[in-house]
Amino acid sequence: MLQIAAIREHKEAFITALKKRNLDAAPLIEKAITTDEQRRSLQTQLDETLAESNKLSKEIGSLFQSGKKEEANQLKGKTGELKQRSKTLSDQLQQTVDTLQEILYTIPNIPQDTVPAGNSDEDNEVVAEHGILPSLPDGAAPHWELAKTYDIIDFELGNKITGAGFPVYKRQGARLQRALINYFLDKNTEAGYEEMQVPLLVNEASGYGTGQLPDKEGQMYHVGNDDLYLIPTAEVPITNIYRGDLLEQKELPIAMTGYTPCFRREAGSYGADVRGLNRLHQFDKVEILRIEHPDKSDGALDAMVVHVKNILEELELPYRILRLCGGDLGFTSTLTYDFEVYSAAQKKWLEVSSVSNFKTFQANRLKLRFRNGDNGTELAHTLNGSALALPRIMAAILENYQKENHIDIPKALIPYCGFDRIEN
RNA sequence: GGAGAAGUGGCAGAGUGGUCGAAUGCACUGGUCUUGAAAACCAGCGAGGGUCACACCUCCAGGGGUUCGAAUCCCUUCUUCUCCGCCA
């Protein structure tokens with residue numbers, strides 16, 4: 001959520017920047033500003049009314065104490081009208097505040113200057129490409145076939161137990177999953193990210209804090225009885241650790257990592273793109289998050305990109321990095337880099353990480369601030385990225401490393417797996 | 001799940017209807033002293049709205065109510081603690 005004070009101050013610049021998202025924000029911004037003016041005017045009127053009635057109350061108090069009951073009772077009569085007025089004003093104020101809030105919820109974050117214009121993922125800018133695309137022999141199998149051949153992932157079984165998109169990992173497949181999780185967590189903690197293990201169900205306030213609510217309500221599984229949501233990403237519980245906090249400047253930066261299963265309803269997506277591991281309702285992901293001083297967040301984003309890069313290179317998976325264009329940029333982000341690995345049998349690039357700088361957008365909803373040493377408080381910047389999402393890494397490993405009668409395990413993972421190949 | 005108790009500033013902890021945004025201690029920040037540090041002493045020290053700056057307004061777990069006036073009384077939700085039950 002953008003700050004209304006910033007909108008007021010940078011109105012034109014914001015409208016221009018939001019055009020990159022192919023959004024004509026002018027009407028929304030105008031409405032936000034006029035609603036805010038209304039809000040402030042109502043607030044002032046209410047304050048004055050309350051001030052008057054506070055004053056009267058004090059007078060009544062001292063009259064009672066000095067035994068002037070008659071005069072006190074006379075004054076009491078006057079307070080009734082003030083009370084009525086302040087009730088009306090505060091109702092109006094509340095309504096205006098709610099309206100303003102609703103408007104602000106619908107305005108996406110301001111893209112940074114470097115974000116390219118564009119409408120869809122086709123306009124994303126490839127900023128780096130690394131590794132040689134493996135050329136597999138004819139008859140190379142996509143991972144869903146390999147999964148069956150070596151009996152390491154069972155999609156039908158998941159169907160039986162739960163439904164589509166909930167695979168069962170078996171034998172060496174299960175072990176490889178666990179190896180990847182541990183490997184990623186180790187890489188992240190080595191880089192200074194503190195490991196957290198967090199709840200997989202969150203309350204409504206947490207959903208609002210990181211921006212999944214109200215925009216993406218339909219994306220999350222909702223547990224009605226207890227009004228809780230299954231997390232779509234570890235970003236939600238981990239970022240919300242700091243919801244409402246006022247940090248000391250010296251506590252920054254904060255860097256955290258966590259592994260969680262992620263649950264996404266992905267309503268209405270079927271077809272070739274979602275075969276096998278490409279898109280699931282439940283999947284594993286290791287996330288990295290940072291809370292930064294505003295002056296440092298740009299550098300922090302770069303550092304996160306380098307970190308993810310290093311992991312992919314160690315796994316020897318060919319990848320490319322995309323800078324998302326305005327049309328593809330997430331609602332809450334100012335700048336996002338996507339990592340895609342090449343899945344050789346599908347001959348497709350698969351997104352395995354998304355690294356974003358949200359600047360104050362989340363912090364404003366979270367009320368996550370720090371003392372800036374200048375006698376003031378300031379919103380912190382939040383960033384997060386996947387390091388990394390498992391299923392598509394798994395898919396790429398299986399496909400790219402397949403040999404005639406087995407699948408090799410990337411060197412870096414062998415100590416974690418305890419075996420160097422998958423075979424029957 | 002049942003019975004009881006409690007939720008106050010970064011922490012501890014006073015405050016049971018008016019002068020309380022809140023004593024006191026610790027922590028923290030600045031200063032004096034010191035070669036430096038510690039100790040001691042002095043001063044400052046919650047947040048949000050609003051204002052050029054003041055004024056002013058709001059916040060004592062959340063929500064609602066009683067009252068001219070609520071941290072204080074009532075209702076309700078949540079959380080914590082103690083005891084009991086259940087249980088990985």
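Computed from heavy atoms alone, side chains included, the values below leave out hydrogens, waters and symmetry copies. The sequence lines fix the lettering, A, B, ..., with proteins before strands; numbering per chain opens at 1.
- We find that CG of A/Leu89 is positioned 15 Å from C1' of B/G49, with the value rounded to whole Å.
- Checking B/A40 for Watson-Crick or G-U wobble geometry (two distances, each under 3.5 Å) identifies B/U32 as its partner.
- Checking B/C73 for Watson-Crick or G-U wobble geometry (two distances, each under 3.5 Å) identifies B/G65 as its partner.
- When Watson-Crick and G-U wobble pairs are counted only if both distances are under 3.5 Å, B/U82 pairs with B/A3.
- The side-chain hydrogen bond (donor to acceptor under 3.5 Å, both in side chains) contacts involving residues 48-57 of chain A comprise nothing, where partners must be two or more places apart or lie in separate chains.
- Atom CD1 in A/Ile4 sits about 16 Å away from atom C1' in B/G48, given to the nearest Å.
- No engagement by A/Leu82 is indicated, since no non-hydrogen atom pair under 4.0 Å with the nucleic acid exists.
- The shortest distance between the side-chain N/O atoms of A/Arg40 and the OP1/OP2 oxygens of B/U51 is below 4.0 Å.
- With respect to the salt-bridge test (charged N to carboxylate O, under 4.0 angstrom), the residues A/Glu287 and A/Lys285 qualify.
- Rounded to whole angstrom, the span from the CD atom of A/Glu204 across to the P atom of B/G62 amounts to 18 Å.
- With salt bridges taken as basic N to acidic carboxylate O contacts below 4.0 Å, none links A/Glu314 and A/Lys411.
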Can you list, pair by pair, the side-chain donor-acceptor contacts under 3.5 Å of residues 298-311 of chain A, counting residues two or more places apart and other chains?
from, atom 1, to, atom 2, distance (Å)
A/His307, NE2, A/Asn188, OD1, 2.6
A/Asn310, ND2, A/Val306, O, 3.4

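- Rounded to whole Å, the C1' atom of B/A12 lies 16 Å from the corresponding atom of B/A22.
- The CG atom of A/Leu368 sits 13 Å away from the P atom of B/G48 (whole-angstrom rounding).
- Figure legend. B/U19 is base-paired to no nucleotide; pairs are counted as Watson-Crick or G-U wobble with both atom distances under 3.5 Å.
- Nearest nucleotide to the A/Arg39 side chain, out of B/A47, B/G50, B/G69: B/G50.
- Among residue pairs with one or both ends in residues 232-245 of chain A, none qualify as salt bridge (Lys or Arg N to Asp or Glu O under 4.0 Å); sequence neighbours excluded.
- Of the P atoms belonging to B/C87 and B/U80, the separation is 22 Å, rounded to the nearest Å.
- Looking at A/Lys19 and A/Asp24, no side-chain N of the basic residue comes within less than 4.0 Å of a carboxylate O on the acidic one, giving no salt bridge.
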>> Counting primed atoms plus P, OP1 and OP2 as sugar-phosphate and everything else as base, spell out the protein contacts along nucleotides 72-80 of chain B at 4.0 Å heavy-atom distance: B, S or - for each nucleotide, 5' to 3'.
In response: ---------
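- Counting to the nearest Å, the P atom of B/C68 and the CD atom of A/Glu81 are 15 Å from each other.
- Across B/A47, B/U67, B/G50, the shortest atom-to-atom separation from the side chain of A/Lys83 is found for B/U67.
- Going from the P atom of B/C54 to that of B/A47 covers 14 Å, rounded to whole Å.
- Separating the P atom of B/G9 from that of B/G62 is a span of 10 Å, rounded to the nearest Å.
- Residues passing the salt bridge (charged side-chain N to carboxylate O under 4.0 Å, His left out) test with A/Asp151, sequence neighbours excluded: A/Lys170.
- Residue pairs meeting the side-chain hydrogen bond (donor to acceptor under 3.5 Å, both in side chains) criterion with at least one partner in residues 413-424 of chain A, sequence neighbours excluded, are A/Asp186-A/Tyr416.
- Residue contacts shown for A/Ser57 include a base, since a base heavy atom lies under 4.0 Å away.
- B/A6 and B/C60 are spaced 15 Å apart, taking the C1' atom of each and rounding to whole Å.
- B/G85 and B/G10 are spaced 39 Å apart, taking the P atom of each and rounding to whole Å.
- Spacing between atom CG of A/Leu247 and atom C1' of B/C28 amounts to 16 Å, rounded to whole angstrom units.
- Taking the nucleotide of RNA chain B with the nearest heavy atom to each of A/Leu246 and A/Ile60, the more 5' of the two is matched to A/Leu246.
- Contacts of A/Phe14 classified as ring pair (Phe, Tyr, Trp, His ring centres under 6.0 Å), with partners at least two apart in sequence or in another chain: A/His10.
- Rounding to whole angstrom units, CD of residue A/Glu9 and P of B/C52 are separated by 13 Å.
- Sorted by first and then second residue, the salt bridge (Lys or Arg N to Asp or Glu O under 4.0 Å) pairs with a member in residues 77-90 of chain A read A/Glu81-A/Arg85, A/Lys87-A/Asp91; sequence neighbours excluded.
- Annotation: ring pair (Phe, Tyr, Trp, His ring centres under 6.0 Å) contacts of A/Tyr169 (sequence neighbours excluded): none.
- Dashed line: the shortest gap from a side-chain N or O of A/Ser62 to OP1 or OP2 of B/U19 is not under 4.0 Å.
- Pair assignment for B/A53: none, as no Watson-Crick or G-U wobble contacts are both less than 3.5 Å.
- For the OP1/OP2 pair of B/G46 and a distance below 4.0 Å, the side-chain nitrogens and oxygens of A/Arg371 include no atom meeting the criterion.
- Residues of residues 248-255 of chain A that place a heavy atom closer than 4.0 Å to RNA chain B do not occur.
- With sequence neighbours left out, A/Arg323 forms a salt bridge (charged side-chain N to carboxylate O under 4.0 Å, His left out) with A/Glu125.
- Of the listed residues (A/Ile152, A/Leu398, A/Ile397), just one forms a side chain to side chain contact (heavy atoms under 4.5 Å, CB included) with A/Leu146, and that residue is A/Leu398.
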>> I'd like to compare against my own output: the B/S/- annotation of nucleotides 56-61 of chain B with a strict under-4.0 Å heavy-atom distance to protein.
In response: SSS---
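- Under the 4.0 Å criterion applied to side-chain N and carboxylate O atoms, A/Lys11 and A/Glu30 are assigned as salt-bridge partners.
- In this structure, B/G46 forms a base pair with B/C59, meeting either the Watson-Crick or the G-U wobble geometry with both donor-acceptor distances under 3.5 Å.
- A distance of about 23 Å separates the P atoms of B/G50 and B/C45, rounded to the whole Å.
- In this entry the distance linking CZ of A/Phe64 with C1' of B/G17 reads 13 Å, nearest Å.
- Nucleotides B/A40 and B/C26, compared at atom P, are 9 Å apart to the nearest Å.
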